[in-house]
Amino acid sequence: QVQLVESGGGLVQAGVSLRLSCAASGRTDSNYAMGWFRQAPGKEREFVAGISRSGTNTRYTDSVKGRFTISRDNAINTVYLQMNSLKPEDTALYYCAAVVLRSVLLRQWVPSGANEYDYWGQGTQVTVSS
């Protein structure tokens, strides 16, 4: 089992930056790819960004490319989402997720489907005012 705890959300004005953190605990000795998702009121949960086990491969949804950066520090089992130039449409509950890599062949894999992830955090709210 892996527990994920997000932090760093808040209420900000458009144009500023926030950095979300996701701390993993429990069976962190396993290999995991990590992802960030978000869900706005009345909308489905959507993939935002993902990062491979080693951190060398990343993936983003089109609406955040060039503004958001995902990174990870495996030494402290933490994943980050640096969000720059925030827009009101970025307002959502942001979730961290982890997927167990059951084969070494998947070490560069970065899934984007919510149903591909095994563990989820409780979410951190990001609200961007115009």
Measuring from atom [atom1] of [X] to atom [atom2] of [Y], what distance do you get when rounded to the nearest 0.5 angstrom?
X: Thr127; Y: Leu93; atom1: OG1; atom2: CG; answer: 9.5 Å
X: Asp118; Y: Gln1; atom1: CG; atom2: CD; answer: 9.5 Å
X: Ser130; Y: Glu89; atom1: OG; atom2: CD; answer: 10.0 Å
X: Asn115; Y: Arg45; atom1: CG; atom2: CZ; answer: 11.5 Å
X: Arg107; Y: Asn57; atom1: CZ; atom2: CG; answer: 11.5 Å

Is there a path from [X] to [Y] through hydrophobic residues (I, L, V, M, F, W, Y) whose side chains come within less than 4.5 Å of each other?
X: Leu18; Y: Val48; value: yes
X: Phe37; Y: Val110; value: no
X: Val16; Y: Val64; value: yes
X: Val2; Y: Val79; value: yes
X: Tyr32; Y: Phe47; value: no

Is there side-chain contact between [X] and [Y], with heavy atoms separated by less than 4.5 Å?
X: Arg38; Y: Glu46; answer: yes
X: Trp36; Y: Phe68; answer: no
X: Asn74; Y: Arg53; answer: yes
X: Val100; Y: Tyr119; answer: yes
X: Val128; Y: Lys87; answer: no
X: Leu20; Y: Val126; answer: yes
X: Leu86; Y: Gln13; answer: no
X: Trp109; Y: Glu116; answer: yes

With a 4.0 Å cut-off, would you call Lys65 and Asp62 a salt bridge?
yes
Shortest non-hydrogen contact from [X] to [Y]?
X: Ala92; Y: Ala40; result: CB-N, 3.9 Å
X: Arg72; Y: Ser52; result: NH1-O, 2.8 Å
X: Ile70; Y: Tyr60; result: N-OH, 2.9 Å
X: Gln82; Y: Ser17; result: NE2-CB, 3.8 Å
X: Gly123; Y: Glu6; result: N-OE1, 2.9 Å
X: Cys96; Y: Leu4; result: O-CD1, 3.7 Å

Heavy-atom donor-acceptor pair, Thr78 side chain to Ile76 backbone, under 3.5 Å
yes
Looking only at atom types and distance, does a side-chain atom of Tyr117 sit under 3.5 Å from a main-chain N or O of Ala33, one as donor and one as acceptor?
no
For the CD atom on Gln122, are there more than 12 heavy atoms of other groups (residues, nucleotides or ligands in this structure) within a distance under 6.0 Å?
no
Is the charged tip of Arg19 near the ring of Tyr80: under 6.0 Å from the six-membered ring centre and within 45° of its axis?
yes
